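This is the structure, below, for whatever I ask next.
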Amino acid sequence: MSTSDVTEISVPGLEPYTVRVGYGLREGLAEQLGGGVAKVLIVHPPTLAAAASELRSTLQGQYEVLLAEVPDGEAAKRVEVAAFCWQILGQADFTRSDAVIGFGGGAVTDLAGFVAATWLRGVKLIQVPTTVLGMVDASVGGKTGINTAEGKNLVGSFYAPSAVIADLDTVSSLPRNDVLAGFAEIVKCGFIAEPEILDIIEADVDRVTDASTDEFRRVVELSIALKARVVGEDFKESGLREILNYGHTLGHAIEHAERYQWRHGAAISVGMVYAAELSRLAGRLPDAVADRHRSILESLGLPTSYPLGRWQTLLATMRRDKKARGAMMRFVVLDDLARPTILRGPDESLLFAAYQEVGV
């Protein structure tokens, strides 16, 4: 694909930036860094060590470039790993005019964003997501964070990147299971606001999950554009942005219960089916829309159930969820397709009844 075939999606707000979607875009990274930057830290996982070295080589003539190799997946999102990155920044005398690049999946961009937000209270951040999940969700919107023993993303900050580069070439080489895992967030966007996504998936699941097709690019761009609109209106999740957490309350609890050995997409898939059943049992969602969750997610090979006996553990974790207000639990639910809303303080018996629909 030509590097001129680029889609630019603007993310509005107090600190607007652009998400560039296309092929071969990493070659233009220096242009995104701009002038005034002297030093760059590339945060990357071990699986991208060779690609990170290549990226450093392309930038080396203009900048002093350091690499920070961090663990794969959620293991990167620990305070010890953040401290390792801070140590590199400190020893290299990074100033506020220097930059951090998050080069990896969603966990890496979350960590890199948190490191950039906290070093000297904020240095320039460029996100270069290399997974479907990273492109459509984690790298866009300025949410950064790390996990604690008590739960996922409980420590973090809202910090906008200067740019996001979604180079589709990086996804083309991913194993199919990795691509499918990222589709849970795309499906979420379809149910909360962009039904066209669901129609495209149902029309041909093989084509839409092939990173070289127009269908794949279309659902990725629709998902990014939705997130851009939402976070542009509500950067710090005081209202509208909460709809992006559809399926995440139970999903994050499952991730925590599984010690992050489950993929994010797998956990969110179960979480969305749960949210749909909760919506249905609350008398809000038509049966056909609730059933459509299960059929689409299963067509993508994503899980839609979880052990029934884990309910009390999950409930305890959900009570600590970021969307809770005091003792009141809150869930994003649907009144219909593309009509998300908040269910406040549902009775625990209703929550358990919904869980029985996904429990095995």
Side-chain angles (χ1 to χ4, degrees), residues 136-137 141 143 183-202 219 222-254 265 267-300 302 304-306 314-315 318-319 321-359:
V136 303
D137 185 50
K143 271 190 179 180
F183 259 77
E185 292 289 352
I186 292 176
V187 171
K188 176 199 75 177
C189 292
F191 276 111
I192 64 173
E194 293 288 354
E196 181 187 344
I197 289 173
L198 307 180
D199 296 336
I200 294 172
I201 293 172
E202 289 172 325
V219 297
L222 281 170
S223 301
I224 293 172
L226 167 63
K227 188 157 190 184
R229 291 197 305 272
V230 172
V231 302
E233 290 186 43
D234 180 20
F235 182 59
K236 293 194 173 180
E237 199 173 78
S238 58
L240 176 65
R241 185 168 180 166
E242 284 190 314
I243 68 171
L244 298 174
N245 286 312
Y246 184 63
H248 284 55
T249 302
L250 184 74
H252 282 171
I254 289 174
I268 298 308
S269 177
V270 178
M272 276 192 285
V273 176
Y274 175 75
E277 294 297 345
L278 183 59
S279 305
R280 181 190 347 224
L281 290 174
R284 294 169 176 265
L285 190 63
D287 290 346
V289 181
D291 293 340
R292 197 178 183 192
H293 283 69
R294 200 179 297 266
S295 64
I296 288 176
L297 292 165
E298 288 178 352
S299 77
L300 291 161
L302 292 167
T304 55
S305 61
Y306 195 70
L314 299 177
L315 181 61
M318 289 193 292
R319 292 190 188 283
D321 185 79
K322 299 186 302 299
K323 292 176 292 303
R325 300 291 185 268
M328 180 183 289
M329 296 179 67
R330 302 161 79 252
F331 291 81
V332 181
V333 295
L334 294 178
D335 281 342
D336 204 341
L337 181 62
R339 289 182 56 196
T341 188
I342 303 296
L343 180 63
R344 295 172 174 81
D347 189 273
E348 193 171 315
S349 63
L350 180 65
L351 298 179
F352 181 59
Y355 187 68
Q356 288 179 301
E357 298 299 319
V358 300

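Please read all numbers here as calculations on a predicted model, not as lab measurements.
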Practice item. Look at Arg280 together with Glu357 and state whether they make a salt bridge at an N to O cut-off of under 4.0 Å. Key: no
Review point. Quick one: OG1 on Thr341 to CG on Leu285, what's the gap to the nearest 0.5 Å?
Key: 12.0 Å
Practice item. Measure the spacing between NZ of Lys236 and CG of Asp234 and express it to the nearest 0.5 Å. Key: 11.0 Å
Exercise for review: Look up atom CD1 in Ile197 and atom CZ in Phe183, then write down how far apart they are to the nearest 0.5 Å.
Suggested key: 9.0 Å
Revision key, fill the gap. Interatomic distance, CG@Leu297 vs CD1@Ile268, rounded to 0.5 Å, equals 11.0 Å
Review point. Between His248 and Glu185, do the side chains contain an N or O donor and an N or O acceptor separated by less than 3.5 Å?
Key: yes
Review point. Which pair of heavy atoms, one from Gly345 and one from Met328, lies closest together, and at what distance?
Key: N-CG, 3.5 Å
Review point. Minimum heavy-atom separation for Lys227 to Gly141, with atom names?
Key: CE-CA, 4.4 Å
Point to revise | Shortest non-hydrogen separation from Pro195 to Ala338 and the atoms involved | key: CG-CB, 4.1 Å
Exercise for review: Kindly compute the distance separating CG (Leu278) from CG (Leu343), expressed to the nearest 0.5 Å.
Suggested key: 5.5 Å
Check your understanding: Does Ser279 reach the main-chain N or O of Leu334 with its side chain, forming a donor-acceptor pair under 3.5 Å?
Key -> yes
**Study point:** Close side-chain approach of Thr304 to Val270, heavy-atom, < 4.5 Å
**Key:** no
Practice item. Please test Tyr274 against Leu351 for side-chain contact (heavy atoms from CB on, under 4.5 Å), starting from the C-alpha separation and ending with a verdict. Key: CA-CA 9 Å; Tyr274 175 75; Leu351 298 179; 3.4 Å; yes
Revision key, fill the gap. Closest non-hydrogen contact found for Leu281 with Ala353 is CD1-C, 3.6 Å
**Study point:** Criterion side-chain contact (heavy atoms from CB on, under 4.5 Å) on Glu348 and Leu315, from CA distance to verdict
**Key:** CA-CA 9 Å; Glu348 193 171 315; Leu315 181 61; 3.3 Å; yes
Review point. Could Glu194 and Arg229 be called an ion pair, given the rule that one side-chain N must be under 4.0 Å from one carboxylate O?
Key: yes
Revision key, fill the gap. Here the pair of heavy atoms bringing Gly265 nearest to Ala184 is O-CB, 3.3 Å
**Study point:** Arg292 side-chain N/O to Leu337 backbone N/O, donor-acceptor pair under 3.5 Å
**Key:** no
Review point. CG of Asp137 to NZ of Lys143: how many Å apart, nearest 0.5 Å?
Key: 8.0 Å
Exercise for review: Verify side-chain contact (heavy atoms from CB on, under 4.5 Å) between Leu314 and Ile254, making sure each step is shown before the conclusion.
Suggested key: CA-CA 7 Å; Leu314 299 177; Ile254 289 174; 4.0 Å; yes
Check your understanding: Do NZ/NE/NH1/NH2 and the carboxylate oxygens of Asp287 and Arg294 come within less than 4.0 Å?
Key -> no
Point to revise | Donor-acceptor pair, side chain of Arg241 and main chain of Phe235, under 3.5 angstrom | key: yes
Practice item. Determine yes or no for a side-chain-to-main-chain donor-acceptor pair under 3.5 angstrom, with Tyr306 supplying the side chain and Tyr355 the backbone. Key: no
Review point. So, the side chain of Lys188 versus the backbone of Leu244: is there a donor-acceptor pair under 3.5 Å, distance only?
Key: yes
Exercise for review: Show your reasoning for whether side-chain contact (heavy atoms from CB on, under 4.5 Å) applies to Leu250 and Phe331.
Suggested key: CA-CA 9 Å; Leu250 184 74; Phe331 291 81; 5.8 Å; no
